[in-house]
S.K.: 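Take a look at the following structure, please.
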Amino acid sequence: RALAPRRGFAFNIHAEEAKHETLRKGTTREVLEAVFRQHASGDGGAGSLAPGAPFKAACVSLSKEFPQLQALQHDAMEGRAFEALKQNEQGVMTLQEWTEGMTALLEGSDAKFKNLADRLKQGVLSGSPETVADVKRVAVIGGGVAGLQTARALSRRGKDVVVFEKSDNVGGVWRENYDSFGLQVPKELYEFPEFPYPADRQWQKFPPGPEVQEYIERYCDHFGLRSMVRLSTSVSRVEAGESGKGWTVFAGRNGDAPQGEHFDFVVVATGMYGWPPHIPSVRGQEEFEGQIQHSATFVDAKVCEGKDVVVVGGGKSAVDNAVSGGRHGKSSTLVFRAARWPVPRYLANLVPFKYGTYSRAGHATLPTHYDVSPTKWYMHSLMTPVKWTW
């Protein structure tokens with residue numbers, strides 16, 4: 001459809017402020033393409049749109065053309081839009097992704113963008129209270145370490161806190177995880193500041209998962225947080241409250257229909273290990289005759305008995321799973337994209353690694369940072385043999 005000419009928008013790279021410059025008219029797709037090309041960068045073709053200032057400027061420009069997208073000027077909504085529109089793994093957005101995604105967002109023709117479109121229509125810019133004093137009720141989604149600490153911090157300041165936890169206990173990833181999971185650092189480096197590990201029992205130096213879970217539960221009981229937690233309760237959606245004030249959280253016990261409840265503020269503490277686990281598609285995967293598991297479901301290493309195990313990844317869970325595979329399987333192979341520098345628990349079998357990695361002397365033995373002064377660079381070069389030995 002044809003659009004009436006509107007005032008355009010451009011981003012001045014020499015100042016962190018945008019200025020109006022051009023006039024646009026044409027079909028929806030033509031306007032979308034014009035906005036993209038104005039803010040994109042790169043050689044040849046239409047270029048690409050990078051996150052940050054370029055994408056933000058494009059969103060502001062677009063909101064001038066289409067008033068229903070004004071909420072895209074909000075940082076949170078801008079970030080949601082970028083993640084929704086971007087399909088490739090390059091970290092930038094192509095012209096096709098921009099035009100197809102924004103068209104679907106404007107027309108509501110794709111169920112994928114329906115939730116985002118609804119949020120934009122609600123205009124969440126005024127959804128947050130003016131000050132902390134205006135906050136009376138707070139919803140915390142997630143009963144793991146972050147959620148419990150949030151509940152403790154807010155409740156001690158007089159806020160009415162409700163923690164929604166979809167499982168049957170608090171603890172998050174420590175409640176249940178892969179085989180032989182546990183801390184990779186000494187317990188004193190992983191504890192609540194106001195609640196050290198209780199002295200009424202013996203804790204391992206590097207506590208396994210069940211010990212960490214016990215410690216978290218004792219923290220929860222010590223500060224009376226269980227009364228704030230609704231276990232086996234899932235949150236299905238969160239919507240802006242009436243007239244843009246506060247939020248309505250729709251939640252219900254697992255299996256029950258969700259019911260709306262009003263809160264002044266919502267904290268999402270679901271962590272980075274969401275469910276269901278993601279297993280990438282690999283060419284020839286359907287022809288593999290063995291068993292494929294994600295680390296999140298690798299809870300019993302006995303499945304490795306008598307088998308050759310291959311673990312894909314180079315992070316902590318991958319290394320832990322490879323060790324479990326080696327203990328219970330016939331062989332264990334770790335496949336990774338880039339090599340990591342694993343730090344032993346005791347450097348040279350003598351010094352606890354925390355003194356080597358969490359101290360100035362320890363940092364001096366690491367590879368030289370690129371922006372050190374010439375004097376420091378000279379000293380690092382001079383001491384290179386010592387660093388090699390260490």
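These figures come from a predicted structure and were not determined experimentally. This chain uses plain numbering: 1 for the first residue, then up along the sequence. We use all heavy atoms of the structure for the numbers below, so side chains are in, but hydrogens, waters and symmetry mates are not.
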S.K.: Okay, side chain of Asn321, backbone of Phe298: is any donor-acceptor separation there less than 3.5 Å?
M.R.: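 Pair absent, no side-chain N/O of Asn321 close to backbone of Phe298.
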
S.K.: What is the distance from atom NZ of Lys302 to atom CG of Asp179, rounded to the nearest 0.5 Å?
M.R.: 10.0 Å

S.K.: Do the side chains of Met272 and Ile279 join up, straight or via other hydrophobic residues, at under 4.5 Å, putting them in one cluster?
M.R.: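 Hydrophobic grouping puts Met272 apart from Ile279.
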
S.K.: Between Val323 and Val343, is there shared hydrophobic-cluster membership here, with clusters defined by ILVMFWY side-chain heavy atoms closer than 4.5 Å?
M.R.: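 As far as the 4.5 Å side-chain criterion goes, Val343 and Val323 are not connected within one cluster.
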
S.K.: Tell me whether Phe206 at atom CZ has more than 12 heavy atoms from other residues, nucleotides or ligands lying less than 6.0 Å away.
M.R.: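 Yes - once you tally the heavy atoms of other residues, nucleotides and ligands closer than 6.0 Å, there are more than 12.
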
S.K.: Could you give the distance from CG (Leu105) to CZ (Phe66), rounded to the nearest 0.5 Å?
M.R.: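 Here the interatomic distance stands at 10.5 Å.
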
S.K.: Quick check on Arg337: does its CZ atom have over 12 non-hydrogen neighbours (other residues, nucleotides or ligands) under 6.0 Å away?
M.R.: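 Open.
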
S.K.: On a heavy-atom basis, which atom in Gly171 and which in Gln213 lie closest, and how many Å separate them?
M.R.: CA-OE1, 3.4 Å

S.K.: Salt bridge between Glu305 and Lys307, side-chain N to carboxylate O under 4.0 Å?
M.R.: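 Judged by the 4.0 Å cut-off on N to carboxylate O distance, Glu305 and Lys307 do not form a salt bridge.
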
S.K.: Taking atom CG of Leu225 and atom OH of Tyr219, what is their separation to the nearest 0.5 Å?
M.R.: 6.0 Å

S.K.: Is a side-chain N or O of Thr150 found less than 3.5 angstrom from the main chain of Ala146, in a donor-acceptor match?
M.R.: yes

S.K.: Could you tell me whether a side-chain N or O of Glu97 sits under 3.5 Å from a main-chain N or O of Thr94, the two making a donor and an acceptor?
M.R.: yes

S.K.: Under the side chain to side chain contact (heavy atoms under 4.5 Å, CB included) rule, what do Val238 and Ile141 come out as? Steps first, then yes or no, please.
M.R.: CA-CA 10 Å; Val238 178; Ile141 305 176; 4.1 Å; yes

S.K.: State whether the number of non-hydrogen atoms from other residues, nucleotides or ligands found under 6.0 Å of Gln202 atom CD is greater than 12.
M.R.: no

S.K.: If I compare all heavy atoms of Leu350 with all of Pro352, which pair ends up nearest, and what's the gap?
M.R.: O-CD, 3.6 Å

S.K.: For the residue pair Ala58 and His39, what are the closest heavy atoms and their distance?
M.R.: CA-CD2, 3.4 Å

S.K.: Go through Phe353 and Val185 one step at a time and tell me if the side chain to side chain contact (heavy atoms under 4.5 Å, CB included) criterion holds.
M.R.: CA-CA 9 Å; Phe353 86 91; Val185 297; 3.9 Å; yes

S.K.: If we ignore angles and hydrogens, is there a donor and acceptor under 3.5 Å between the side chains of Ser167 and Glu165?
M.R.: yes

S.K.: If you round to the nearest 0.5 Å, how far is CD1 of Ile216 from SG of Cys220?
M.R.: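 So the gap between those two atoms works out to 10.0 Å.
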
S.K.: With a 4.0 Å cut-off on N to O distance, would you call Arg156 and Glu194 a salt bridge?
M.R.: yes

S.K.: Using a 3.5 Å distance criterion without hydrogens, assess whether the side chain of Ser236 forms a donor-acceptor pair with backbone atoms of Phe250.
M.R.: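 Such a contact is found between Ser236 side chain and Phe250 backbone.
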
S.K.: Would you call Asp134 and Lys245 a salt bridge, using N to O less than 4.0 angstrom?
M.R.: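 The answer is no: the pair does not qualify as a salt bridge.
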
S.K.: Assess whether atom CD of Glu242 is packed by more than 12 heavy atoms of other residues, nucleotides or ligands within 6.0 Å.
M.R.: no

S.K.: Before you tell me yes or no, could you show the steps for Leu49 and Val92 under side chain to side chain contact (heavy atoms under 4.5 Å, CB included), namely the whole-Å CA-CA distance, both residues' side-chain angles and the distance that decides it to 0.1 Å?
M.R.: CA-CA 6 Å; Leu49 198 58; Val92 295; over 6 Å; no

S.K.: Would you call the rings of Tyr215 and Tyr197 parallel, tilted or perpendicular if under 30° counts as parallel and over 60° as perpendicular?
M.R.: parallel

S.K.: Strictly distance-based, threshold 3.5 Å: is any side-chain N or O of Asn177 a donor or acceptor partner for the main-chain N or O of Val173?
M.R.: yes

S.K.: Do Glu261 and Arg230 sit within salt-bridge range, that is, some charged N less than 4.0 Å from a carboxylate O?
M.R.: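 Salt bridge between Glu261 and Arg230, a charged N being under 4.0 Å from a carboxylate O: yes.
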
S.K.: Listed by chain and number, what are the salt bridge (Lys or Arg N to Asp or Glu O under 4.0 Å) partners of Asp221, not counting sequence neighbours?
M.R.: Arg226

S.K.: If we ignore hydrogens and angles and just use 3.5 Å, is the side chain of Thr297 paired with the main-chain N or O of Gln293 as donor and acceptor?
M.R.: no

S.K.: Tell me if the CD atom of Glu188 is crowded by more than 12 foreign heavy atoms within 6.0 Å.
M.R.: yes

S.K.: If you apply the rule side-chain hydrogen bond (donor to acceptor under 3.5 Å, both in side chains), what do you find for Ser232 with Asp168, and how did you get there?
M.R.: CA-CA 5 Å; Ser232 301; Asp168 59 0; over 6 Å; no

S.K.: Give a yes or no on whether the backbone of Glu100 and the side-chain of Thr103 come within a donor-acceptor separation of less than 3.5 Å.
M.R.: no

S.K.: Go through it in stages, so that I can follow the logic: the residues are Tyr178 and Asp320, the test is side chain to side chain contact (heavy atoms under 4.5 Å, CB included), and I'd like the CA-CA distance, side-chain angles, deciding distance and then a yes or no.
M.R.: CA-CA 9 Å; Tyr178 54 79; Asp320 288 346; 2.7 Å; yes

S.K.: Decide if atom NZ of Lys376 counts as having more than 12 heavy atoms of other residues, nucleotides or ligands within a radius under 6.0 Å.
M.R.: no

S.K.: Just by modelled atom types, is the Val351 backbone N or O under 3.5 Å from a matching donor or acceptor in the Lys354 side chain?
M.R.: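 Absent.
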
S.K.: Before you tell me yes or no, could you show the steps for Trp174 and Tyr190 under ring-ring contact (aromatic ring centres under 6.0 Å, His included), namely the whole-Å CA-CA distance, both residues' side-chain angles and the distance that decides it to 0.1 Å?
M.R.: CA-CA 13 Å; Trp174 295 107; Tyr190 192 89; 5.7 Å; yes

S.K.: If only atom types and distance count, is the side chain of Lys159 paired as donor or acceptor with the main-chain N or O of Val132 below 3.5 Å?
M.R.: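 Checking the backbone N and O of Val132 against the side chain of Lys159, a donor-acceptor pair under 3.5 Å is found.
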
S.K.: Could you check if a side-chain atom of Phe181 sits within less than 4.5 angstrom of a side-chain atom of Glu176, using non-hydrogen atoms only?
M.R.: no

S.K.: Between Asp308 and Ser331, do the side chains contain a donor N or O and an acceptor N or O under 3.5 Å apart?
M.R.: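 Side-chain D/A pair, Ser331 to Asp308: present.
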
S.K.: Please confirm whether Arg137 makes a cation-pi placement over Phe265, using NZ or CZ under 6.0 Å from the six-membered ring centre and within 45° of the ring normal.
M.R.: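 Geometry flag: not set, cation outside 6.0 Å or 45°.
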
S.K.: Quick one: closest heavy-atom pair of Gly326 and Ser332, and the distance?
M.R.: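 So the minimum-distance heavy-atom pair works out to N-CB, 3.4 Å.
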
S.K.: To the nearest 0.5 Å, what is the distance between CE on Met228 and OG on Ser155?
M.R.: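 Result: 3.5 Å between the selected atoms.
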
S.K.: Is there a path of hydrophobic side-chain contacts, each under 4.5 Å between heavy atoms of I, L, V, M, F, W or Y residues, that connects Phe223 with Val138?
M.R.: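 In one cluster with Phe223: Val138, yes.
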
S.K.: Looking at Gly142 and Val163, what are the two nearest heavy atoms and their distance?
M.R.: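 So the minimum-distance heavy-atom pair works out to O-CG1, 3.5 Å.
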
S.K.: Under 4.0 Å between a Lys/Arg side-chain N and an Asp/Glu carboxylate O for Glu211 and Lys187?
M.R.: no

S.K.: CG of Leu32 to CG of Leu95: how many Å apart, nearest 0.5 Å?
M.R.: 9.0 Å

S.K.: Of the non-hydrogen atoms in Asp264 and Trp247, which two are nearest, and what is the gap between them?
M.R.: O-CD1, 3.9 Å

S.K.: Would the distance check show the side chain of Thr99 and the main-chain N or O of Glu33 forming a donor-acceptor pair, the cut-off being under 3.5 Å?
M.R.: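 The answer is no, because no donor-acceptor pair under 3.5 Å joins these two groups.
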
S.K.: Treat each ILVMFWY residue as a node, draw an edge where side-chain heavy atoms are under 4.5 Å apart, and state whether Tyr378 and Met383 are in one component.
M.R.: no

S.K.: In terms of hydrophobic clusters joined by side-chain contacts under 4.5 Å, are Val303 and Val311 together?
M.R.: no

S.K.: Is the shortest distance from a Lys or Arg side-chain nitrogen in Glu217 or Arg175 to a carboxylate oxygen in the other one below 4.0 Å?
M.R.: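 Arg175 and Glu217: not salt-bridged.
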
